[in-house]
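Below is one structure; the comments refer to it alone.
Keep in mind that the numbers below use all heavy atoms, side chains included, and drop hydrogens, waters and symmetry copies. Everything quoted here is computed from the prediction, not taken from an experiment.
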Amino acid sequence: MARITGLPPTDRYDLADDVPFAAPPAINTEEALRQAFAERSDLKAAEAQVVAAERALSAARAERLPSLSVSGDYGAIGTNPSPHTERSQ
């Protein structure tokens, strides 16, 4: 108990109250695994790293896909392509 609290383990201590033993609740393997996957931060971090790696792989593959671009120039007709802007002869 001293080691857990950070006190020197070689000293003697008297406990003011008795600490009764309480057995942990019975849990089956499936429930233990479900709790571990749901609550452990190290497993969540590992899962996030896997998702990030999958997305990085997907992005790297997408860079090799062909691309298409379109550009246009309305040049001499100006911003208003109406036929009334020109002089009739």
Side-chain angles (χ1 to χ4, degrees):
M1 177 94 92
R3 229 178 311 166
I4 293 171
T5 58
L7 298 172
T10 55
D11 291 347
R12 291 193 47 88
Y13 302 99
D14 293 324
L15 297 177
D17 297 326
D18 287 333
V19 179
F21 173 76
I27 187 170
N28 60 18
T29 305
E30 291 81 19
E31 180 64 19
L33 288 173
R34 187 197 62 73
Q35 286 181 2
F37 288 126
E39 298 174 10
R40 290 187 51 183
S41 60
D42 58 335
L43 293 177
K44 288 180 183 179
E47 183 179 357
Q49 288 178 343
V50 169
V51 170
E54 288 171 349
R55 289 183 180 167
L57 177 62
S58 175
R61 285 184 176 150
E63 287 179 352
R64 298 181 53 95
L65 295 175
S67 62
L68 173 69
S69 65
V70 177
S71 63
D73 181 14
Y74 49 83
I77 63 171
T79 58
N80 187 359
S82 173
H84 299 292
T85 57
E86 297 179 16
R87 291 179 125 186
S88 298
Q89 293 189 1

(request) Examine Leu33 and Leu43 and state if one hydrophobic cluster contains both, with Ile, Leu, Val, Met, Phe, Trp and Tyr joined whenever side-chain heavy atoms are less than 4.5 Å apart. (result) yes

(request) State which residues pass salt bridge (charged side-chain N to carboxylate O under 4.0 Å, His left out) with Glu47; sequence neighbours excluded, sorted by chain then number. (result) none

(message) Asp42: which residues meet the salt bridge (charged side-chain N to carboxylate O under 4.0 Å, His left out) condition with it, sequence neighbours left out?
(response) Arg40

